[in-house]
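FYI, side chains are in, hydrogens and waters are out, and symmetry mates aren't considered; it's all heavy atoms of this structure.
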Amino acid sequence: MGISRDKWHKRRATGGKRTPFRKKKKFELGRPPANTKIGGKRIHVVRVRGGNKKFRALRLDTGNYSWGSEGVTRKSRILDVVYNASNNELVRTKTLVKNCIIQVDCAPFRQWYEQHYGLPLGRKKGSTKKEEQEEDVTTKKHSPHVTKTLAARKATSKVDPHLEEQFLTGRLYACVSSRPGQSGRGDGYLLEGRELEFYLKKLKSKKAK
């Protein structure tokens, strides 16, 4: 038996049985879930009603993530699935679905921030690593015009303390807002403010159990 989205096999609200007056129809069909996992990009194209196409992502490893308060979007690596309000099994199997909470690589956002504001972000004070010292944007010399521009931007350079802590770990919490099984993309936005606090509490209580 195929997967069907009809209602004729369901009972009425009163508990009475419905008498099926026809067989299954093509427009009532359902398809198996994509169960998108983290891994090398693999997308299947599905031909659907009206000759349209759906892009069934079976594996994804990157997505475009928006940093709302800064108004900037960067392509970032998906590292882990940490929370799903609907089902803990989807966290255990690391399945990507809409509205799941994941961790993404912070490097593209740190790079943008340091270039835009000329200030270090998520770097440990007194770090002796050569690589970090070489990458440090604050030590670079700028022209007087650029120096003036960076000084003007410093007024709005404050970052959420919770977000700053995450930059130190190298992983940022994000929410997937696209539908990987329908659009073939794993895009979303970084968690900030009250939404971030809400999910941090959820993750903390989950660990305590």
Side-chain angles (χ1 to χ4, degrees), residues 36 38-41 43 55 57 59-83 94 96 98-180 183-204:
T36 311
I38 298 170
K41 190 176 177 182
I43 296 168
F55 300 94
R59 287 185 200 165
L60 285 174
D61 56 353
T62 56
N64 291 331
Y65 288 89
S66 169
W67 188 354
S69 61
E70 296 291 348
V72 68
T73 302
R74 287 288 177 271
K75 186 178 181 178
S76 187
R77 264 186 326 124
I78 299 168
L79 302 172
D80 197 10
V81 178
V82 291
Y83 184 76
K94 301 196 187 305
L96 295 171
K98 183 174 175 170
N99 218 47
C100 70
I101 306 303
I102 60 171
Q103 284 185 322
V104 296
D105 184 20
C106 80
F109 297 100
R110 178 194 281 154
Q111 208 172 11
W112 173 83
Y113 181 93
E114 290 183 347
Q115 197 174 8
H116 187 74
Y117 292 109
L119 296 168
L121 178 65
R123 296 187 187 276
K124 287 170 185 171
K125 287 175 184 176
S127 177
T128 52
K129 283 185 183 177
K130 278 187 180 179
E131 288 174 16
E132 283 198 13
Q133 284 177 348
E134 283 168 17
E135 283 177 22
D136 196 354
V137 181
T138 53
T139 56
K140 284 184 180 177
K141 287 183 180 178
H142 299 293
S143 68
H145 175 73
V146 174
T147 307
K148 194 178 176 183
T149 307
L150 293 174
R153 284 175 183 167
K154 279 178 185 177
T156 58
S157 65
K158 185 128 178 70
V159 177
D160 184 338
H162 290 304
L163 207 57
E164 209 164 346
E165 282 173 29
Q166 289 173 51
F167 271 105
L168 284 166
T169 63
R171 291 168 170 236
L172 303 174
Y173 288 118
C175 178
V176 176
S177 58
S178 67
R179 299 170 71 194
S183 63
R185 300 184 66 87
D187 301 339
Y189 59 93
L190 300 185
L191 295 178
E192 296 178 271
R194 292 181 71 178
E195 192 178 9
L196 176 58
E197 284 171 24
F198 172 82
Y199 283 114
L200 285 173
K201 273 183 189 174
K202 288 278 183 189
L203 290 165
K204 201 174 181 183

(Q) Suppose the criterion is side-chain hydrogen bond (donor to acceptor under 3.5 Å, both in side chains): which pairs have a residue in residues 185-200, not counting sequence neighbours? (A) Trp67-Glu192, Ser69-Glu192, Arg185-Asp187, Tyr189-Glu195
Q. For Lys202, what residues pass the side-chain hydrogen bond (donor to acceptor under 3.5 Å, both in side chains) criterion, not counting sequence neighbours?
A. none
Q.
Do Gln166 and Leu196 have side chains that approach each other closer than 4.5 Å (heavy atoms only, starting at C-beta)?
A. yes
Q) Closest approach of Gly118 and Leu150, non-hydrogen atoms and distance? A) N-CD2, 3.8 Å
**Q.** Test ring-ring contact (aromatic ring centres under 6.0 Å, His included) applied to Tyr173 - qualifying residues, sequence neighbours left out
**A.** none
Q | Heavy-atom closest contact (Leu191 atom, Cys175 atom, distance) | A | CD2-CB, 3.9 Å
Q | Any pair counted as salt bridge (Lys or Arg N to Asp or Glu O under 4.0 Å), so long as it reaches residues 159-172, sequence neighbours left out | A | none
Q.
Restricting to non-hydrogen atoms, name the atom on Leu60 and the atom on Pro180 that form the minimum distance, rounded to 0.1 Å.
A. CD1-CB, 4.2 Å
Q.
Tell me every residue that passes side-chain contact (heavy atoms from CB on, under 4.5 Å) with Ser76, counting only those two or more places apart in sequence or in another chain.
A. Tyr65, Val104, Asp105, Pro108, Phe109
**Q.** Sequence-distant partners of Tyr113, side-chain hydrogen bond (donor to acceptor under 3.5 Å, both in side chains), two or more places apart
**A.** none
Q. So Ile38 and Arg59, side-chain contact (heavy atoms from CB on, under 4.5 Å) or not? Walk me through it.
A. CA-CA 5 Å; Ile38 298 170; Arg59 287 185 200 165; over 6 Å; no
Q.
Rounded to the nearest 0.5 Å, what separates atom OG in Ser157 from atom CD in Glu70?
A. 8.5 Å
Q: Taking side-chain hydrogen bond (donor to acceptor under 3.5 Å, both in side chains) as the test, write out the residues that go with Asp80, two or more places apart.
A: Lys94
Q: Just jot down the side-chain contact (heavy atoms from CB on, under 4.5 Å) partners of Lys75, sequence neighbours excluded, or say none.
A: Thr62, Asn64
Q) Which value, rounded to the nearest 0.5 Å, describes the distance between Lys98 atom NZ and Ser178 atom OG? A) 8.5 Å
Q. Do Arg74 and Gln111 come within less than 4.5 Å of each other through their side chains, counting heavy atoms only?
A. no
Q) Heavy atoms, side chains only, cut-off 4.5 Å: are Ile78 and Asp61 in contact? A) no
Q. Can you name the ring-ring contact (aromatic ring centres under 6.0 Å, His included) partners of His116, sequence neighbours left out?
A. Trp112
Q | Non-neighbouring partners of Cys106 that pass side-chain contact (heavy atoms from CB on, under 4.5 Å), sequence neighbours left out | A | Arg110, Phe167, Leu172
Q | Distance-minimising heavy-atom pair for Ala57 and Thr36 | A | O-OG1, 2.6 Å
